[in-house]
Amino acid sequence: MSRILVLGGYGGFGGRISRRLAADGHDILVAGRSIAKARAFCAGSSRLTSVAFDRENIVQALTDHRPFLLVDASGPFQAMDHAVAIACIAAGVHYLDIADARDFVCGIGALDAAAQAAGVVILSGASSVPALSGAVVRHLSAGMDTVRSIEMAISASNRATAGPAVATAILGQVGRPLRFWSGGRWQQGFGWQGLRRIGFEVTGTRPSRKRWVSLVDVPDMALLPDRIAGRPAVVFRAGTELAFQNLLPWLASWPVRWGWCRSLAPLAGWLKPLQRLTAWAGTDRSAMSVTLFGLHEGRRIERRWTLIASNGDGPEIPALSVPLLVARILASDEVPGARDAGQSMQLGDYQPAFDSLAICHEVIERDLPPPLYARVMADRFTRLPAAVRSMHNVLRDGGASGEAIVTGAANPIARLIARGIGFPAAGTHRLHVRFTEREGVETWTRDFGDQRFRSRLRQDGRWLVERFGTLRFEFELPSDEQGLAMVMRRWWIGPFRLPLLLAPRSLAREWEEDGRFHFDVPISLTLLGRIVHYRGWLEPEGAEA
């Protein structure tokens with residue numbers, strides 16, 4: 001077979017890759033920061049040979065060892081450049097890495113012309129992301145008319161210990177800003193915030209408790225919006241099995257976000273000892289899920305792929321893509337060039353490896369209910385103008401942009417009330433509205449220039465309920481072929497229902513004009529007069545446009 005050099009070849013993931021490649025009949029050169037550890041790892045195996053590797057003179061090292069292919073499993077890739085890949089191109093050696101660092105993986109394409117000229121394959125991200133995740137997303141999206149949202153999550157078993165590179169990568173993201181595509185434009189989040197509990201279930205396996213996961217930055221969040229029909233929102237979350245292990249980095253993320261400290265990466269050396277203290281808790285089960293929301297032949301559907309790895313086999317998953325891609329390169333199925341590995345594999349390619357491990361996975365599909373306004377309005381929703389229907393056809397994620405003219409409060413007291421609620425200042429503003437939907441509740445985030453306010457909407461029988469903080473309003477939605485109105489019928493502050501006589505006066509209207517969605521929202525109080533009045537237009541972005 002072939003000679004393959006594996007950097008970090010005795011580490012947590014690199015060791016698994018080295019053993020798998022050796023089992024496939026390749027001669028593996030194992031290199032790392034410690035030649036003593038490399039020798040100990042290789043002892044007793046004729047297919048594994050420890051070698052010294054000088055990163056200061058990579059081309060010479062490649063010339064000396066003359067591998068067919070180099071696998072970089074060293075990391076952390078968040079702090080690395082492409083020097084190893086560049087050296088491989090110069091030496092005519094194929095290259096793979098298991099990077100999950102967004103900038104590193106997405107930037108590998110800059111080497112494409114040089115790789116093609118040298119006739120070598122340079123693939124970055126041959127790991128759980130974006131290689132496996134990309135294969136799953138393409139499998140789930142097959143046949144869908146459009147995809148509105150992609151949500152991915154990984155939850156590691158408490159028994160899966162993090163090596164130094166993984167620990168540094170994890171803590172280096174805590175509290176740091178990241179970008180994700182949602183609502184038709186780039187949004188900002190922060191690493192290990194956005195906590196959410198999700199379940200991982202596969203038919204025929206023991207159900208597990210819901211687990212906490214948080215936002216982390218991965219290449220998929222930059223790659224997938226442009227690769228899937230509909231330019232969907234993409235978000236990735238990760239976590240560990242035990243709740244407090246996720247709550248602690250969430251708490252620690254705030255000082256980093258506020259600028260009190262630059263990074264938690266210097267604390268990486270403490271992560272493994274702390275993990276040992278709780279090794280007795282939890283289980284040996286890791287999990288991964290990928291969920292798509294979109295349209296298939298006019299139906300609103302959710303497709304979800306879930307994987308559960310038992311018996312401590314979860315850490316094997318990041319190591320599965322490399323042997324498969326090595327086989328593709330040997331068979332000349334990968335054309336020369338430099339790119340991420342997110343489009344190289346098919347989900348079915350992984351099945352033999354899954355079968356050899358305690359791994360089960362499945363795809364489920366379910367129909368989703370109509371959007372919120374359609375549920376409230378029933379048959380009347382279909383008679384609304386097309387632009388109004390489109391604006392309210394929220395499916396997990398959406399966005400619209402336009403313009404708003406805001407007339408401010410009538411007096412200083414009304415101005416204080418408007419400021420407390422978060423209503424925009426007077427003037428003409430560029431307007432963007434981000435729609436998100438979860439379990440029947442819609443969240444509308446309105447950005448008037450650099451001012452933002454948010455409300456949540458849900459159904460209560462034939463009424464629409466909108467909440468602004470502690471204020472809650474219940475509306476009737478009279479409508480005709482021209483548009484709809486929102487007529488307030490009840491209102492609350494906290495748990496207390498108040499007389500309608502004291503309620504804010506508002507008759508919000510929505511209609512279509514020149515093919516655009518238009519709105520007019522006046523809000524006033526009986527004794528104080530106008531609180532705010534905003535009117536304007538919106539056009540859907542992305543799949544809704």
Side-chain angles (χ1 to χ4, degrees), residues 145-146 148-149 181-185 187 230-233 293-295 298 300 370-407 423-424 427-437 441-449 451-459 463-466 468 473 475-488 506-523 532-545:
D145 305 323
T146 186
R148 299 286 179 84
S149 180
W181 183 260
S182 178
R185 68 175 185 175
Q187 311 282 342
R231 195 165 173 78
F293 299 85
L295 299 174
R300 296 160 56 91
L372 173 62
Y373 273 65
R375 298 197 305 274
V376 173
M377 299 178 67
D379 292 342
R380 292 185 295 118
F381 184 78
T382 61
R383 296 194 291 271
L384 290 173
V388 178
R389 286 200 317 275
S390 176
M391 195 60 58
H392 293 294
N393 190 21
V394 179
L395 176 52
R396 203 64 175 186
D397 187 278
S401 292
E403 184 178 88
I405 300 173
V406 179
T407 304
F423 288 138
T428 300
H429 302 268
R430 291 296 301 170
L431 173 62
H432 180 271
V433 183
R434 178 188 173 200
F435 310 100
T436 58
E437 178 269 330
V441 178
E442 294 183 5
T443 300
W444 291 31
T445 304
R446 305 162 179 88
D447 288 309
F448 291 81
Q451 293 181 276
R452 171 177 293 183
F453 76 97
R454 179 182 290 114
S455 66
R456 289 182 169 83
L457 299 90
R458 63 175 177 84
Q459 181 184 14
W463 309 108
L464 179 75
V465 181
E466 185 166 20
F468 298 86
F473 304 95
F475 295 97
E476 188 178 4
L477 301 177
S479 65
D480 55 26
E481 288 76 9
Q482 304 304 310
L484 65 83
M486 298 178 67
V487 180
M488 189 187 307
S506 177
L507 182 62
R509 296 187 304 113
E510 301 175 358
W511 70 97
E512 179 179 323
E513 184 178 323
D514 299 327
R516 281 177 172 170
F517 171 86
H518 282 253
F519 60 89
D520 190 311
V521 184
I523 302 175
V532 72
H533 183 184
Y534 56 93
R535 60 192 186 278
W537 57 269
L538 288 167
E539 290 182 334
E541 293 182 327
E544 296 91 344

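All values below were derived from every heavy atom in this structure, side-chain atoms included, with hydrogens, water molecules and symmetry-related copies excluded.
Panel note: side chain Asp514, backbone Arg516; no donor-acceptor pair is recorded below 3.5 Å. Between the side chain of Glu512 and the backbone N or O of Ala387, at least one donor-acceptor pair lies under 3.5 Å. Looking at Arg458, its side chain never comes within 3.5 Å of a backbone N or O of Val465 through a donor-acceptor pair. Side-chain N or O atoms of Gln187 include one that pairs as donor or acceptor with a backbone N or O of Ser182 at under 3.5 Å. Formation of a donor-acceptor pair under 3.5 Å by the Glu466 side chain with backbone atoms of Ser455 is not found in this model. Proximity of a side-chain donor or acceptor of His432 to a complementary backbone N or O of Gly184 within less than 3.5 Å is not detected.
Ring geometry for Phe517 versus His392: interplanar angle over 60°, hence perpendicular rather than tilted (30 to 60°).
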Verify side-chain contact (heavy atoms from CB on, under 4.5 Å) between Gln451 and Val406, making sure each step is shown before the conclusion. CA-CA 12 Å; Gln451 293 181 276; Val406 179; over 6 Å; no

Candidate pair Arg300 and Asn393, rule side-chain contact (heavy atoms from CB on, under 4.5 Å), full reasoning: CA-CA 10 Å; Arg300 296 160 56 91; Asn393 190 21; 3.1 Å; yes

Does the pair Asp397 and Arg148 meet the rule for a salt bridge (Lys or Arg N to Asp or Glu O under 4.0 Å), with working shown? CA-CA 6 Å; Asp397 187 278; Arg148 299 286 179 84; over 6 Å; no

Report the C-alpha separation of Glu476 and Trp463 in whole Å, then their side-chain angles, then the decisive distance to 0.1 Å, and conclude whether the side-chain contact (heavy atoms from CB on, under 4.5 Å) test is met. CA-CA 5 Å; Glu476 188 178 4; Trp463 309 108; 3.3 Å; yes

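Shown here for Ser401 and Glu541, the closest heavy-atom pair between the two residues is OG-OE2, 2.6 Å. Pairing each heavy atom of Pro478 with each of Val487, the nearest pair is CG-CG2, 3.7 Å. Of all heavy-atom pairs spanning Phe519 and Ala404, the tightest one is CZ-CB, 4.1 Å. When all heavy atoms of Leu538 and Gly402 are compared, the pair lying nearest together is CD2-N, 3.7 Å. Of all non-hydrogen atoms in Asp145 and Gly298, the two that sit nearest each other are OD2-N, 3.4 Å.
For the atom pair Leu384 CG and Leu477 CG, the distance stands at 9.0 Å (nearest 0.5 Å). For the atom pair Arg446 CZ and Leu431 CG, the distance stands at 9.0 Å (nearest 0.5 Å). The distance from atom CZ of Phe293 to atom CD of Glu437, rounded to the nearest 0.5 Å, is 7.5 Å. Taken to the nearest 0.5 Å, the OG1 atom of Thr382 stands 9.0 Å off from the CE atom of Met377. Atoms CZ and OG1, from Arg454 and Thr436 in turn, are 8.0 Å apart once rounded to the nearest 0.5 Å. For the atom pair Leu464 CG and Leu457 CG, the distance stands at 5.0 Å (nearest 0.5 Å).
With contacts defined as side-chain heavy-atom distances shorter than 4.5 Å, the pair Met391/Pro540 qualifies. Side-chain contact check for Tyr373 versus Leu484: some heavy-atom pair is nearer than 4.5 Å.
Annotation for Arg375: atom CZ counts as buried by contact number, over 12 foreign heavy atoms lying within 6.0 Å.
In terms of the side chain to side chain contact (heavy atoms under 4.5 Å, CB included) criterion, residue partners of Asp520 (sequence neighbours excluded) are, by chain and number, Arg509, Trp511, Pro522, His533, Arg535. For Phe453, the ring pair (Phe, Tyr, Trp, His ring centres under 6.0 Å) test picks out Phe423, Phe448, with sequence neighbours left out.
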